[in-house]
Participant: 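A single structure is presented below for examination.
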There are 2 protein chains.
Amino acid sequence: MLRLSKLADYATVILSFMAKDQARIAAAVEIALATGISLPTVSKILKLLVNAKVLTSTRGAKGGYFLAREPSAISVADIISALEGPIALTECSLSKQTCEQASGCGIRGNWHLINQTIYNALESVTLADLIRPVVSPEEISIPLASLYHSH
Amino acid sequence: MLRLSKLADYATVILSFMAKDQARIAAAVEIALATGISLPTVSKILKLLVNAKVLTSTRGAKGGYFLAREPSAISVADIISALEGPIALTECSLSKQTCEQASGCGIRGNWHLINQTIYNALESVTLADLIRPVVSPEEISIPLASLYHSH
DNA sequence: TGATTGAAGACTATTTTAGTCCTATTTAAA
DNA sequence: TTTAAATAGGACTAAAATAGTCTTCAATCA
């Protein structure tokens, strides 16, 4: 299904909630209550987002979490990679030299291009976009094919 | 990691092998030997590709598998969806009405757009492209962002 | 009719992902 | 200075998805 992990999905819900009142610092418990996601899980996600510098935290009483930057400066790619690590469809796209499968690894070079395309797609959409009312596109087209076929 | 399943990855290897000598009919055993993937696994993948109408098969002695159409008419999206089902990052993008999570589902509408973008990217690359020598792109850009920001 | 090959699906094992919990550290306020 | 409220880090368990194998049946050709 080429699926997003549940955790990454939750992360977008959490961040969307936080982005609505950007200035405010929110504690994990509060976020758990607001989103309906269990506290331990919320905590885990928040920690990962802090490590990825998407959120900033302050400890102690009255502490909590807040966005490290503007929603428009937080991409979907940032969110996904915070939770799941680098965005790539295939292993060998991450480390070009290690991939030495029997027969057919020359084949994979082009996967790198596909990965890059998908990354760019995810990088181009931000948290600010996600909390905006839904747009209904007529048609979306990607110029990737032209890279291949224009010769 | 937003990762492709191993099976889908194998499928691209198998199909790349088959595309190199398109006219020829190849038995599962033969493909297994050529690719180094175990026979039961190869068989499983081939069957899924037949169901998805990417391959055609003939039974019996001298039977085997061959491409159902030109490599240029088989997209990466075809291959992935044959193995993993519909391409979508989030569940709710598949069935719009079922998604009624507590707080924040209005948020998800835009995921639909992202899914569509990724699907288009995968649809635009074909098996013929995959077996072609690697191209090294300078920069690839996706116009998705403009859909959001042009207002 | 027998050998060869695919079809279908059940089943098991493995790996990944999700989810929870415990302990330590930091900070604000009484 | 003590206490309560938070996060940090990481170990651990449970659940789910994925990968892989096996068995039985059906078709085709010589």
Side-chain angles (χ1 to χ4, degrees), chain A residues 1-11 13-14 18 24-33 35-68 80-86 88-91 101, chain B residues 1-14 18 24-33 35-68 80 82-86 88-91 101:
Chain A
M1 230 264 305
L2 200 69
R3 138 190 107 74
L4 199 68
S5 69
K6 265 195 194 176
L7 259 40
D9 195 16
Y10 292 164
V13 174
I14 290 172
M18 295 179 77
R24 208 161 57 81
I25 185 167
V29 200
E30 188 182 350
I31 295 168
L33 286 172
T35 58
I37 304 165
S38 78
L39 178 58
T41 299
V42 166
S43 293
K44 184 177 189 172
I45 294 166
L46 291 170
K47 281 176 226 167
L48 288 167
L49 290 169
V50 169
N51 288 340
K53 302 202 193 311
V54 170
L55 293 179
T56 306
S57 63
T58 49
R59 289 190 173 189
K62 311 252 166 150
Y65 300 88
F66 54 95
L67 299 186
I80 294 177
S81 57
L83 278 287
E84 304 184 12
L89 291 185
T90 51
E91 295 291 343
Q101 295 272 61
Chain B
M1 231 265 304
L2 201 68
R3 138 190 108 75
L4 200 66
S5 70
K6 265 196 194 176
L7 258 40
D9 195 17
Y10 292 163
T12 64
V13 174
I14 291 171
M18 295 179 77
R24 206 161 59 79
I25 185 167
V29 199
E30 189 182 347
I31 295 168
L33 285 171
T35 58
I37 303 165
S38 78
L39 178 57
T41 300
V42 166
S43 293
K44 184 178 190 172
I45 293 166
L46 291 171
K47 280 175 228 165
L48 288 168
L49 290 169
V50 169
N51 289 339
K53 303 199 192 314
V54 170
L55 293 179
T56 306
S57 62
T58 48
R59 289 186 174 192
K62 311 251 168 150
Y65 299 87
F66 54 95
L67 298 186
I80 294 177
L83 278 286
E84 304 185 11
L89 291 185
T90 49
E91 295 293 341
Q101 294 271 62

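The chains referred to below are lettered A, B, ... by the order of the sequence lines, with proteins before strands, and numbering in each begins at 1. Side-chain atoms are counted along with the backbone in the values below, which use heavy atoms only and exclude waters and symmetry mates.
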Participant: Measuring from the side chain of A:A27 (C-beta onward, heavy atoms only), which nucleotide among C:dG19, D:dT7, D:dG9 has the closest atom?
Facilitator: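 Out of C:dG19, D:dT7, D:dG9, the nucleotide with an atom closest to A:A27's side chain is D:dT7.
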Participant: So, applying side chain to side chain contact (heavy atoms under 4.5 Å, CB included) with A:Y65, which one of A:I25, A:V54, A:V50 is it?
Facilitator: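 Only one option passes, and that is A:V50.
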Participant: In this structure, how many angstroms lie between the P atom of D:dT18 and the CG atom of B:L48, rounded?
Facilitator: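 Whole-Å distance recorded here is 13 Å.
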Participant: Is B:Y10 close enough to D:dA19 that one of its side-chain N or O atoms is under 4.0 Å from OP1 or OP2 there?
Facilitator: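 B:Y10 to D:dA19 OP1/OP2: no side-chain N or O under 4.0 Å.
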Participant: Return no unless some side-chain N or O of B:S57 is found under 4.0 Å from OP1 or OP2 of C:dA7.
Facilitator: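 Yes, because at least one side-chain N or O of B:S57 sits under 4.0 Å from OP1 or OP2 of C:dA7.
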Participant: Is there a donor and acceptor pair, one atom on the side chain of A:R59 and one on the base of C:dT25, closer than 3.5 Å?
Facilitator: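 Yes, the side chain and the base share a sub-3.5 Å donor-acceptor pair.
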Participant: Measure from CD on A:E30 to P on D:dA6 and round the result to the nearest Å.
Facilitator: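 That distance rounds to 9 Å.
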Participant: Does C:dA18 have OP1 or OP2 sitting under 4.0 Å from an N or O in the side chain of A:S5?
Facilitator: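 Answer is yes, contact under 4.0 Å.
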Participant: Just how far, in rounded Å, is P of D:dT21 from NZ of B:K44?
Facilitator: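 After rounding, the reported distance stands at 10 Å.
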Participant: Can you find a side chain N or O atom of A:T58 that sits less than 4.0 Å from OP1 or OP2 on D:dT7?
Facilitator: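 A:T58 to D:dT7 OP1/OP2: no side-chain N or O under 4.0 Å.
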Participant: B:L83 has an atom CG; how far is it from atom C1' of D:dA17, in whole Å?
Facilitator: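 Computing the B:L83:CG to D:dA17:C1' distance gives 15 Å.
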Participant: Within the pair B:N51 and C:dA8, is there a side-chain N or O less than 4.0 Å away from OP1 or OP2?
Facilitator: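 So the side-chain polar atoms of B:N51 do come within 4.0 Å of the phosphate oxygens OP1 or OP2 of C:dA8, strictly under.
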Participant: From C:dT17, C:dT20, D:dA19, pick the nucleotide closest to the side chain of A:T41?
Facilitator: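 Closest of the options to the side chain of A:T41: C:dT20.
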Participant: Touch check for B:S38, heavy atoms < 4.0 angstrom, all strands: base, sugar-phosphate only, or nothing?
Facilitator: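 Sugar-phosphate contact only - B:S38 comes under 4.0 Å of backbone atoms but never of a base.
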Participant: Counting heavy atoms from C-beta on, name the nucleotide in D:dA4, D:dA17, C:dG19 closest to the side chain of A:A61.
Facilitator: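 Among the listed nucleotides, the one closest to the side chain of A:A61 is D:dA4.
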Participant: Ignoring hydrogens and angles, does a donor from either the side chain of B:K47 or the base of C:dG6 sit under 3.5 Å from an acceptor on the other?
Facilitator: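 There is none.
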Participant: Any pair with a residue in residues 24-33 of chain B that passes salt bridge (charged side-chain N to carboxylate O under 4.0 Å, His left out), sequence neighbours left out, goes on the list, sorted by first then second residue, please.
Facilitator: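 Passing the test, one end in residues 24-33 of chain B: B:D21-B:R24, B:R24-B:E30.
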